[in-house]
Amino acid sequence: MTRHDCTVFFLHGLGFGGASAAPLAAALGDRFRVIGIDLPGHGEAPDAADGSVNALADAALAVIEAEADGGPWLLAAHSMGGKAAALVAARTLSGHANVFGLTGAVLLAPSPPTPEPMGDEKRALMLSWAEDGALSEIDAREYVAQNVATPLAVNLEQDAVALVRRMSPLAWQRWISEGSREDVSAAVGVIDLPVIVLAGEDDDDLGASVQPGLLSAVYPRARFVSFAATGHLLAYERAPEVAAEIVHFWESTASAAPAVAPEWSRMIASSRTAVEARALLAQRAIADDANYSPTTLSPEQLATLRTLADRLVPQSGDRRIDLAARIDADLATGRGDGWRPAELPDDATAYRRGLDTVASVWPGGRAQQDDLIRTILAGEFDAGKLDGAEFDGGRFDGGRSDGDGPWSGDVLRRWFDDVRTDLARTWLAHPASLARVGYDGFATSGPGAKPAGYVNLGAGTRDSWEPAELGSDQLIKESNL
Amino acid sequence: MNLHDMRTYAHDDVVDFVVIGTGAGGAPLLARLAERGLRVVALEAGPNFDPDEFTNDEVEAPRINWMSERLSGGDSPTAFGLNNSGWGVGGGTLHWGAFTPRPDPRDMNLFTESGLGADWPVDHDELIRYIIDVERTIGVSGATPYPWDPEREYLEPPVDRNASADIMAAGCARLGIRATDAPAAILSRERDQPHHGRRRASQNLGTIHQGERYGTKATTANTYLPVAVAAGAEIRPDSMVHGIERDILGRVSAVVYRHDGREFRQRCANLVLAGGGIETPRLLLNTGLANSSGQVGSNFLAHGAVQVWGRFDEQMRSYRGYPSGLISEDFVRPDSVDFAGGYLLQSLGAMPLTYATGLVRGGGLWGSELMDELDAWRFTAGIGMNGECLPTENNRLVLADEIDEWGVPRAIVTVTTGPNEQAINEHATAVMTRILDAAGALETRVLARTAHTLGTCRMSADPAQGVVDADGRSHDIPNLWICDNSTFPSALSANPCLTQMALSLRTADRMLG
């Protein structure tokens with residue numbers, strides 16, 4: 001087992017190949033395992049069957065599946081690779097790839113899922129370079145020079161030009177005339193993932209000024225960072241600064257969620273797990289947005305719910321699930337659990353009023369908080385003892401369900417039962433929580449599960465595909481299917 | 001299920017029967033009527049699922065449950081949603097636990113025996129003949145010989161026991177309590193099901209409450225409904241009935257339903273309500289029909305379903321395998337007790353979110369104690385009960401002022417556990433705890449809950465005491481029938497689904513005269 005925190009799968013821009021990840025890999029150091037992927041027609045990779053962006057994504061996913069170590073991973077993608085990365089992320093989060101562990105994406109002057117803005121003149125010029133086969137030294141130099149703000153260091157330029165000259169002219173033509181013009185936005189949809197988009201201010205078509213317009217709707221959580229005096233080749237031009245952004249992104253955002261152990265990640269990625277189950281686990285594994293804006297609750301109510309979550313379903317360690325934010329988002333869908341206590345209004349209204357009630361009396365001390373929770377659980381909370389001025393929501397009205405005052409007694413207790421249930425279920429639905437409690441039933445009924453369920457059912461036993469911690473391997477019976 | 005190429009009927013065709021609901025009540029009858037050449041249309045509120053649409057993910061699996069909100073009142077509010085009512089072609093059998101004990105004759109004569117509750121106006125021997133028919137059709141596995149009924153034979157051998165079943169067997173053996181492999185509608189040998197196709201043998205899946213893709217578990221969608229469609233029945237999914245029309249004689253002449261955002265009206269000569277213990281009385285109360293007795297919505301019954309979980313040294317992981325592999329009927333009539341009726345015991349498997357919900361709601365846990373119990377879950381094995389419930393004045397279903405997405409008032413179900421139920425729960429809790437202790441449990445925990453929705457349109461010989469007669473026909477409207485668990489006069493200690501399917505075949509025979 002290596003000691004890195006995270007794997008970075010690097011999808012290069014047109015012409016450069018996986019080897020163009022080298023400057024970034026060097027700047028990132030040992031904490032990150034950087035895998036530069038050769039997209040079709042680049043580096044060691046043969047041409048694809050066709051010129052579609054799907055073919056690029058297929059090739060990238062094949063490498064990610066093969067190189068996955070069960071740990072978390074980031075997509076880093078430059079230009080053309082950015083368009084492929086959008087499809088890779090979409091397929092990963094929809095479960096349609098045998099991978100798991102995507103925690104975020106770092107996009108460098110990415111080509112958008114929509115047709116790439118590129119003038120006809122430029123398109124024609126670039127096509128002309130590959131008319132007679134591989135690019136000439138002069139054309140390759142011209143290509144690199146056009147895409148940087150200031151000339152690269154000599155050794156870097158030589159590396160870049162050598163990579164460009166090595167690529168397949170067919171792949172070059174295909175990207176310019178097909179892939180770059182393809183609209184894959186319907187297949188990509190909206191990708192709810194931590195994302196940073198880095199771009200240069202001196203990049204003609206895919207620079208910092210156009211990226212928010214191209215990508216905000218695709219990546220609602222994207223943070224956009226612009227680099228002054230920088231062209232299109234960020235990984236060459238600004239490797240140390242790009243690396244610093246990746247480190248910061250990883251530490252502050254992408255790694256905020258609880259980690260799923262490698263053995264469990266590989267089981268989720270495997271075909272024992274059904275596509276939809278994998279998608280749901282992949283989406284729940286993503287770190288919550290630290291800047292989450294509530295849609296159903298007020299910011300104060302969200303804060304109260306976070307406080308309650310810490311006491312009712314406590315999480316240890318720094319890596320947490322924002323249970324309150326997830327419940328707020330769920331309330332916004334209007335999807336309930338099929339019933340509610342007859343005394344309570346609809347879920348969203350009940351949450352607002354219950355949280356206001358709790359906020360009006362929430363004490364500072366831990367012991368006092370425990371006492372309050374026990375009082376509520378016993379159905380003995382008496383809002384009649386409150387000073388009316390303390391309650392924001394309305395005047396005390398005996399806890400009538402159609403009023404707006406604080407709740408007392410059994411009404412507050414029943415709402416509190418709902419809150420405690422929602423918090424516990426939301427916590428447990430996260431794949432790291434399921435692994436913690438020893439549940440692997442999600443890895444049944446997938447297309448590769450034969451038999452679909454279990455063979456060994458007895459105490460202390462497990463099947464051979466299950467994580468070792470779940471039982472003895474001395475007792476394993478194998479299926480005769 | 002496959003609904004391509006099925007026969008269809010025009011809306012102004014006066015079909016012989018419209019059946020509302022495709023679960024354990026509606027489906028067997030639909031098949032039998034269609035096989036006799038009658039023109040039948042089933043209206044199902046939920047969608048028609050392909051088995052691949054079932055997911056074992058507990059957050060998303062409720063797509064097969066009735067999730068339109070119900071309101072729960074009383075001192076023991078009953079949980080709906082994941083419990084109790086199905087959604088989709090197959091109804092509640094899509095999510096049922098496939099636990100198929102037969103009804104006990106003593107339970108069907110509870111009033112005669114104890115002076116409490118109600119008798120069933122149905123002959124037990126006759127019902128058992130229908131049950132044997134159902135068991136053969138859907139495929140029920142179980143232990144032969146069966147300790148409490150030496151004449152009984154199960155055609156399928158039992159499915160594999162999981163760790164909870166092993167623990168319960170060990171504890172019962174030490175205490176001299178009889179227990180054996182439970183009857184279950186899970187195939188232990190694969191079979192070709194007529195008009196459906198291949199159904200696999202048990203895959204030891206613990207996720208059957210979330211829907212099961214391989215047909216190892218019987219549902220009406222892989223048994224009776226394909227037969228019905230092959231014989232000429234039409235099944236209309238996504239069709240929510242909210243109105244019933246009558247002719248000048250007061251007989252049902254048509255139903256009004258919502259499909260795809262539009263209203264449709266299907267004419268019919270007869271109507272069968274098979275929407276279950278909540279939807280059937282809700283529709284009758286909303287239309288004001290068949291309630292001269294005032295009994296629609298009354299007599300709500302829910303089984304006591306307390307669970308006791310024991311913690312052991314070894315990992316049990318009872319989420320593996322068929323969840324309810326062991327049964328004991330030793331407490332259908334326990335010795336020297338002062339309550340009416342009794343209960344069944346079954347071993348338990350639980351899914352994680354379901355178990356966590358039980359710890360929170362049934363066990364009152366929070367904070368680090370909750371997290372510790374969740375960490376201990378993999379070391380737990382459980383036993384559950386299914387206990388008799390007596391009707392009382394206040395346990396009932398009424399309509400709320402609030403309107404649902406179809407414009408129908410929501411149901412308010414009020415439940416307060418009575419002294420007889422409490423006495424049964426306490427007895428069962430003590431027995432279950434002793435069994436787990438005898439099996440070596442380090443500690444035990446009790447999680448309170450109830451299950452099933454019964455009795456809200458009960459059958460009765462006396463028209464003043466119920467909504468339908470012993471055949472399922474309305475006391476008030478001769479061409480209106482009810483065939484679902486709302487007609488149960490008493491809860492029985494046996495889980496309701498198998499009995500319901502048998503009653504459905506019996507009602508069909510009575511309709512056919």
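Since the model is a prediction, treat every value here as computed from it, not as a measurement. Letters A, B, ... are given to chains in the order of the sequence lines, protein chains preceding strands, and every chain is numbered from 1.
- Side chains of B/V59 and A/R425 form no contact here, defined as non-hydrogen atoms less than 4.5 Å apart.
- Remark: the backbone N or O of A/D440 is paired with a side-chain donor or acceptor of B/Y319 at under 3.5 angstrom.
- For the atom pair CG (B/L353) and OG1 (A/T426), the distance works out to 8.5 Å, reported to the nearest 0.5 Å.
- Each of B/E58, B/M351, B/R378 was scored for a side-chain contact (heavy atoms from CB on, under 4.5 Å) with A/Y439, with one residue passing: B/M351.
- No side-chain heavy atom of B/R317 sits under 4.5 Å from any side-chain heavy atom of A/N456.
- The existence of a salt bridge linking A/R278 and B/D57 is excluded, since no basic side-chain nitrogen approaches an acidic carboxylate oxygen closer than 4.0 Å.
- Between the CZ atom in B/R320 and the CD atom in A/E466 there is a gap of 6.0 Å [rounded to 0.5 Å].
- Side chain of B/R70 to backbone of A/R340: no donor-acceptor contact under 3.5 angstrom is found.
- Heavy atoms of A/L428 lying under 4.5 Å from chain B belong to its backbone as well as its side chain.
- Side-chain contact, A/Y454 with B/N162: no donor N or O sits under 3.5 Å from an acceptor N or O.
- The minimum heavy-atom distance linking B/E314 with A/A459 is given by the pair OE1-CB, 3.6 Å.
- No more than 12 heavy atoms of other residues, nucleotides or ligands shown are found within 6.0 angstrom of CG on B/D401.
- With contacts defined as side-chain heavy-atom distances shorter than 4.5 Å, the pair A/L377/B/W366 qualifies.
- The one candidate from B/T55, B/N56, B/D52 that meets the side-chain contact (heavy atoms from CB on, under 4.5 Å) condition with A/E276 is B/T55.
- The candidate from B/S202, B/G73, B/G206, B/G364 with the greatest count of non-hydrogen atom pairs under 4.5 Å with chain A is B/G364.
- Nearest heavy-atom pair across A/G458 and B/A163 is C-CB, 4.3 Å.
- Residue A/D310 does not touch chain B at all, counting heavy-atom pairs closer than 4.5 Å.
- Of all the heavy atoms in B/Q315 and A/G471, the pair that sits closest is NE2-N, 4.1 Å.
- Contact check for A/V313 versus B/M371: side-chain heavy atoms found under the 4.5 Å cut-off.
- B/T207 has its side chain out of reach of A/F442: every pair of non-hydrogen atoms, C-beta onward, lies at least 4.5 Å apart.
- In this structure, the side chains of B/L370 and A/R420 stay at 4.5 Å or more apart for every pair of heavy atoms.
- Minimum interatomic distance between A/R414 and B/D75 (heavy atoms only, all atoms of both residues): NH2-O, 3.8 Å.
- Remark: side-chain polar atoms of B/R200 are not paired, donor with acceptor, to backbone N or O of A/P451 under 3.5 angstrom.
- Contacts of A/L280 with chain B are made by side-chain atoms alone, with heavy-atom separations under 4.5 Å and no backbone atom involved.
- Residue with the most contacts toward chain B among A/S433, A/S316, A/A449, A/G441: A/G441 (heavy-atom pairs, distance under 4.5 Å).
- With hydrogens and angles disregarded, a donor-acceptor distance shorter than 3.5 Å links the side chain of B/Y214 to the backbone of A/S445.
- Comparing B/A356, B/P77, B/A376 by how many heavy-atom pairs each has under 4.5 Å with chain A, the most go to B/P77.
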(message) Run B/E60 and A/R335 through salt bridge (charged side-chain N to carboxylate O under 4.0 Å, His left out) and show every step you take.
(response) CA-CA 11 Å; B/E60 296 299 324; A/R335 182 173 80 161; 3.2 Å; yes

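- Contacts of A/D370 with chain B are made by both backbone and side-chain atoms, with heavy-atom separations under 4.5 Å.
- Within 6.0 Å of atom CG in B/D50, more than 12 heavy atoms from other residues, nucleotides or ligands are found, so the atom counts as buried in its surroundings.
- Heavy-atom distances place both the backbone and the side chain of B/P352 under 4.5 Å from chain A.
- In terms of heavy-atom pairs under 4.5 Å with chain B, the best-connected choice from A/D422, A/D347, A/I373 is A/I373.
- A/L457 places a side-chain heavy atom less than 4.5 Å from the side chain of B/N204.
- Residue B/S68 touches chain A through its backbone alone, counting heavy-atom pairs closer than 4.5 Å.
- Of the two parts of B/T78, only the backbone, made up of N, CA, C and O, holds a non-hydrogen atom closer than 4.5 Å to a non-hydrogen atom of chain A.
- Contacts of B/N84 with chain A are absent, with no heavy-atom separation under 4.5 Å from either backbone or side chain.
- Using a 4.5 Å cut-off between heavy atoms, B/I412 touches chain A through its side chain atoms alone.
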(request) In sequence, state the C-alpha distance, the side-chain angles, and the governing distance for A/D418 and B/R361, and then conclude on side chain to side chain contact (heavy atoms under 4.5 Å, CB included). (result) CA-CA 8 Å; A/D418 283 352; B/R361 286 195 187 277; 2.7 Å; yes

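- At a 4.5 Å heavy-atom cutoff, the contact between B/L365 and chain A is made by backbone atoms alone.
- Atom CG of A/L344 sits about 10.5 Å away from atom OG of B/S72, to the nearest 0.5 Å.
- Here the straight-line distance linking atom CD of A/E343 with atom CG of B/L71 works out to 9.5 Å at 0.5 Å rounding.
- No other option in B/R410, B/E212, B/R161, B/M67 has as many heavy-atom pairs under 4.5 Å with chain A as B/M67.
- Proximity to chain B is absent for every atom of A/L423, based on heavy atoms less than 4.5 angstrom apart.
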